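One structure below.
Numbers restart at 1 for each chain; the letters A, B, ... are given by sequence-line order, proteins then strands. Source: prediction; values computed, not measured.
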Amino acid sequence: MKRYIFSTDHKIIGIQFLFMSLLFFVLGGLLAMLIRWQLAWPSDPNHPVPILGQLMGWSKGVMPPDFYTMVFSMHATIMIFFVIIPLLVGVFGNYLIPLKIGAGDMAFPFLNGLAFWSALPAGSIILAGFFRPGGHAAAGWTVYPPLSAVMQNSGFGIAGAQFGNVLHPLGSTWPMTPVIMTFIALFMFVAYVCAYYVNLGNKVLDICVSVVLSLIGGIVITRGVQHAVFDGQSAWFLSITWLGFSSLMGAVNYLTTIIKLRCPGMTMFRLPLSIWSLFITSLLVLLATPVLAATLTMNLLDHLRLTSFYEPFNWVVTNVPQENSGGGFAIMHQHMFWFYSHPAVYIMILPAMGMVSDILAVFARKPIFGYRPMVYAMSGIAFLGFIVWAHHMFQSGMNPTLGTTFAVSTMFIAVPSAIKVFNWLGTLWGGNIRFEVPMLHAIAFVAMFTIGGLSGIFMASTAVDVHIHDTYFIVAHIHYVLFGGSMFGIFGAITFWYPKMFGRMMNNALGHIHFWLSFIAFNCTFFAMHILGIGGMPRRVADYTSYPTFAHFQPMNQFISMSAFTLGAVQILFVINFIGSWIWGKKAPGNPWEATTLEWNDCPSPPPHGNFAKTPVVHHGPYEYSSPLVEEDWLAQTRYVEGAENFVVKH
Amino acid sequence: MQQQTLSKHLFCKETTQVFQLIPLKRVSRFILFLIFGVLLALPARAADVLPGWGSWWLPPNHSAHGGDIDWLFKLIFWITMVTFVAVEIVLVVFCIKYRSRADRKKAHFTHGNTRLEMAWTLAPSVILAVLALLSKKVWDNYRYAPSSDDPHRAQVLVIGQQFKWNVIYPGPDGKFGRYLIWPKPTDANWPPGPDGKNPMFSGVKGPADFHNYEKARGQIATYIDTVNPLGKDFTDPDGKDDNYQGALARELILPAHRPIEVQLSSKDVIHDFFLPNFRVKLDAVPGMRGHIYFTSLITSKEREALSKKKYGIDELTELVSSPSKPDFHVIVNENENTEGAELYKVPHTSVKYWRYADKSKKTIVRDGGSISPAIAKQLKDAGVKEVYASEPGVWDLVCEELCGQGHGTMRGQVTFIDSDEYDKKGFDAQYHPTTKPSNLAALGAAQ
Ligand code: HEM
Ligand SMILES: [Cu+2]
Ligand SMILES: [Cu+2]
């Protein structure tokens, strides 16, 4: 029990996070398919939504606009908060940090486990939101008030209400499914704490007391949540705030571990770039997440009509003057939200950048080109990331001069991004490139991130942003950086470290097929969105064909949807490969890729509890590939060779 | 029992072999090509079934400042395009050139090059700094337009509301009154009406008389609904002459060739005022007043005239039934008529108009009517071979900020009329020659 479920072993916690986020990835992907269905045939009775249309009893199977609003809001929320961030930070932060710095575990193993067990209730609350009358949150992932302060069961979300009601025949109380789900998550949360803190000297007594405490804790907190979560939007606020605490626990842990637990010889500048990127990411999480927690708490209080931080005087909704309105400022939310969420977009890419650097070096059989500039570029991104937030608000009505200030800082954040791209190219230059599956994903990352970074420059210009703000151009940008960038980076990382995690090799052919199909379908899906955006097509609109200006985009939208369905279907190959290789895959050797870092050289696949049989000692940097000092084309970090360090410094 | 056999199957040697056999290089390549084909065929089919891929570039711009924005867009487009192509080519070339080969044992061993790093740090910095400066120039010219205190400008107050746009003009004094002020459940009196007196509503002097918070709120909602939907303060002298009647969800009429100031606010949630063809966008935020300035270079009439063309009936049918569904209006009058057109006199009245009629003398469409696929078919059946048609002179006003379930339906329309014609409407008469001669004289000198 303590070993596998309530484990404090960083590897198991990482894998737990992996399963949680992959499940959410499936849900988020299905929501995306719904979005694309609607956009290919907006409200077209000749193309009723398959399955769901009947299940919900929509007239002619056509998706109502408020349902669409809910679907894209939740797609973004789930993909950002429950897929990308946990995958990058939760999974690889956990799995890689101790292994790559030569530590037996995290600095605070218990806290680490707590981070996972508290992410779980956040996940179950966000799922419970779907079951609320009125449907789930439908104010976008950016939850701008006053819209997000509006109660959903007062004239909002009629079709959403249907959705809630189908799952929820009783009307006002919670249906059993989400209650049980939430209860189980909370029970496990308390049980985890009890497993380590209830220590009365008698094992049976301990278990009894723990179970009783967990039952009580689970019931009490579930009841509390049931009271606070009365509609989808409140579930959203509660869940994401809660998830923020989980992130913070992780961040504190990673920082301490990297600073304190490096093995002998592992100086900061001998850390692999993946560890540097996680270090910088953790700093961002530590500094930004409290702001998010504050923002969303204020949002939740506003939503409960207890306060009005964001609502001005004289605020009415559907002609009803709102209680407690007054004194607030709607734009304040945007400032605070983006103060978190801009650093958060770098939380969503920096670890991918770091891991891609590792993968590129391994398969190009070359040291990273410009290791230190890479570290400085990441630090630069982290610093600048805190002073660019208002580029999301150029057209929000804030002072135009402030817009110019942020345009300048935003332009300059493209510089470190460019440095990184050039250094990746430099790493490939003169290499001896092996096109294994992780390498393909890493190269795709570089190619796709370039597009996403370049489209950012358009929007960084205040003047050009006038035309493209909140159009599909933004959607194209975010998917090039988040899917083309982070997701390909994650695929690369999963395929790269899979042998280490599960002790099996992934199927090579399936991997290749999955990569190429994803890559092509991805570009067919998202490149065309630039064109829609240039044409001015608004995002978050259920039926753009009602605007004569945009009706002519329907064929292109159909093309995009077809490609998106393909992209979705192709991911099944990945699932097959992931599960299939676990069962039938070839046994993995300790170092299948001939890599230099500690996790490959100093422990078997998968590594045992405690990782290293004896503390490793590091003699040089992480990327000594093709070094002329040794026969092989790789020199492990722990292998001592006369003069290697001097050689590197001089070189 | 069953479970056991299942797991036996799962873990047996044969399954393992089958799974591990997939790596056969040729098979996988074949499958890859097959799926490639399907992948390309599917979307291509979608494109095939529906002709027309729409426009691939910026929509036509009709505003004075929009040209600069488009210019900057194109500049960034070319800079990023060149970078993009260069990076991707280098990437592909490196991948091919430096692929692992049997005869190469090791890669070129290097840790970097400081000079190169300097170069590729400085070059983008300089380019991006220049772009930032250019943006500032174009941006300031739009947001701090020189016309922002031009006394000749036309003003309009647009108030967003779920899910419509309300339009108020300042009237002859050129000043807006106060809006968006609502009674509160604790108020002793209803707000004064146009006569300056506090009215009775719902049988009481004020919401407080209900002595019941919820009931008062309900009645206030009815009051707002029926008496004062935009919360106008009737005591404000500036608002006395505002063109406010019919403000709800009306079409936005503005003068062309003259600076315009749009003031923006919202009643409930954040909306966004976006005119794609004029490169104008700003959020309408409750509790705030936004200002944007622009000048239209075209009137609706001019646009109609520009797009007027003679179409063959088959061509027109195809156009109006294509997915882009352009909204064509037929033109029939003394000057523009084709075979089959006639001047129709409504019996026993003096009304007459140009029209196309079918065999039983029923009107198919008259001058200015819009053409649907059905009408096009009737025209063809009636033997009409060609018609004059034009696109309508209205532009879409798009709400670009998510504002609730009806967000997608929050469409407004803008019409631009001649400046003189606009003056005659008295929406904004401070520039009318009879009310402000001195201003006009000053302007004449300035222009
Ligand atoms: C070269 C660097 C980048 C620049 C200059 C840049 C610039 C911008 C700007 C100006 C916007 C706001 C556009 C608007 O709403 O009008 C934006 C939106 C966004 N960016 Fe970036 N960006 C960059 C890189 C990234 C990266 C690396 C990520 C994430 C991994 C990212 C994720 C996003 C997201 C998610 C949004 C949209 C948020 C929303 O409105 O939903 N960007 N970017
Ligand atoms: Cu940003
Ligand atoms: Cu709106």
Side-chain angles (χ1 to χ4, degrees), chain A residues 65-66 140 146-147 312 314 317 319-321 330 365-367 369-370 373 395-397 400 404 407-408 411 415 418 422 428 430-434 450 454 458 461-464 466-467 470 508-509 531 536 538 540-543 547-549 551-555 558-559 562-563 580 584 626 633, chain B residues 16 19 22-23 28 42-43 46-47 50 53-54 56 59 69 72-73 76 80 84 87 90 94 98-100 104 106-109 111-112 117 120 124-125 128 132 135-136 138-139 143 180 182 221 224-225 268-269 276 279 281-283 285-288 290 323-325 327 396 400 402 405 408:
Chain A
D66 58 337
L147 184 61
N314 286 307
V317 174
N319 286 344
V320 182
R365 314 307 294 163
K366 255 195 86 196
F369 198 88
Q395 322 306 335
S396 71
T404 301
V408 173
M411 286 288 181
V415 175
F422 295 139
L428 292 181
N432 198 12
I433 304 171
R434 301 177 183 171
T450 304
L454 288 173
F458 286 79
S461 159
T462 37
V464 173
V466 171
H467 185 60
D470 262 345
N508 199 21
I531 301 169
R540 295 174 169 173
V541 161
D543 185 359
Y547 289 101
T549 314
H552 62 93
F553 282 132
Q554 198 175 355
Q558 288 171 341
F559 171 81
M562 295 286 180
S563 315
W584 304 303
S626 297
D633 66 351
Chain B
T16 309
F19 189 79
I22 313 175
S28 70
L42 251 182
L50 297 148
W53 277 71
W56 283 41
I69 291 182
L72 194 57
F73 179 92
I76 298 180
T80 50
F84 162 64
V87 168
V90 169
F94 281 4
Y98 300 117
R99 69 188 185 278
S100 154
R104 282 183 71 212
K106 281 190 181 176
H108 176 63
F109 187 66
H111 284 84
E117 299 287 349
W120 65 42
S125 306
L128 289 164
S135 305
K136 175 182 181 333
V138 179
W139 172 250
R143 291 305 301 273
L180 299 172
W182 320 105
I224 296 175
D225 244 348
D268 36 40
V269 303
R279 310 293 187 262
K281 185 180 285 164
L282 191 67
D283 281 2
V285 185
M288 272 177 80
S324 60
K325 304 179 197 111
D327 192 11
D396 275 341
E400 198 85 339
L402 177 61
Q405 50 170 319

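Without hydrogens or angle criteria, B:Ser100 side chain to A:Arg434 main chain gives no donor-acceptor distance under 3.5 Å.
For B:Leu282, the parts lying near chain A are the backbone and the side chain together; criterion is any non-hydrogen pair under 4.5 Å. In this structure, chain A has heavy atoms under 4.5 Å from both the backbone and the side chain of B:Arg279.
Options B:Gly287, B:Gly290, B:Ser135 differ in how many heavy-atom pairs under 4.5 Å they form with chain A, and the most are formed by B:Ser135. Taking A:Leu454, A:Thr549, A:Thr462 one by one and counting their heavy-atom pairs under 4.5 Å with chain B, the maximum is reached by A:Thr462. Contact count against chain B (heavy-atom pairs under 4.5 Å) is highest for A:Gly430 among A:Ser461, A:Gly140, A:Gly430. Ranked by heavy-atom pairs shorter than 4.5 Å toward chain B, the options A:Ala407, A:Ser396, A:Gly536, A:Ala542 are led by A:Ser396. Most heavy-atom pairs under 4.5 Å with chain A, from the set B:Leu180, B:Asp283, B:Ile69, B:Val138: that is B:Asp283. Interface summary for chain A: among B:Leu402, B:Asp396, B:Asp268, B:Asp225, the most heavy-atom pairs under 4.5 angstrom belong to B:Asp396. Between chain B and the residues A:Val408, A:Val466, A:Thr450, A:Asp543, the largest count of heavy-atom pairs under 4.5 Å involves A:Val466.
The side-chain heavy atoms of A:Met411 and B:Ser125, taken from C-beta on, include no pair separated by under 4.5 Å.
Scanning both residues, B:Val285 and A:Ala330, for their nearest heavy atoms gives CG1-CB, 3.8 Å.
A salt bridge does not link B:Lys106 to A:Asp633: none of the charged side-chain nitrogens sits closer than 4.0 Å to a carboxylate oxygen.
Remark: A:Pro538 pairs with A:Val541, A:Phe550, B:Val398, B:Glu400 by the side-chain contact (heavy atoms from CB on, under 4.5 Å) rule, at least two apart or across chains. In terms of the ring-ring contact (aromatic ring centres under 6.0 Å, His included) criterion, residue partners of B:Phe73 (sequence neighbours excluded) are, by chain and number, A:Phe458, B:Trp57.
A:Asp470 CG to B:Lys281 NZ: the interatomic distance, rounded to the nearest 0.5 Å, is 6.5 Å.
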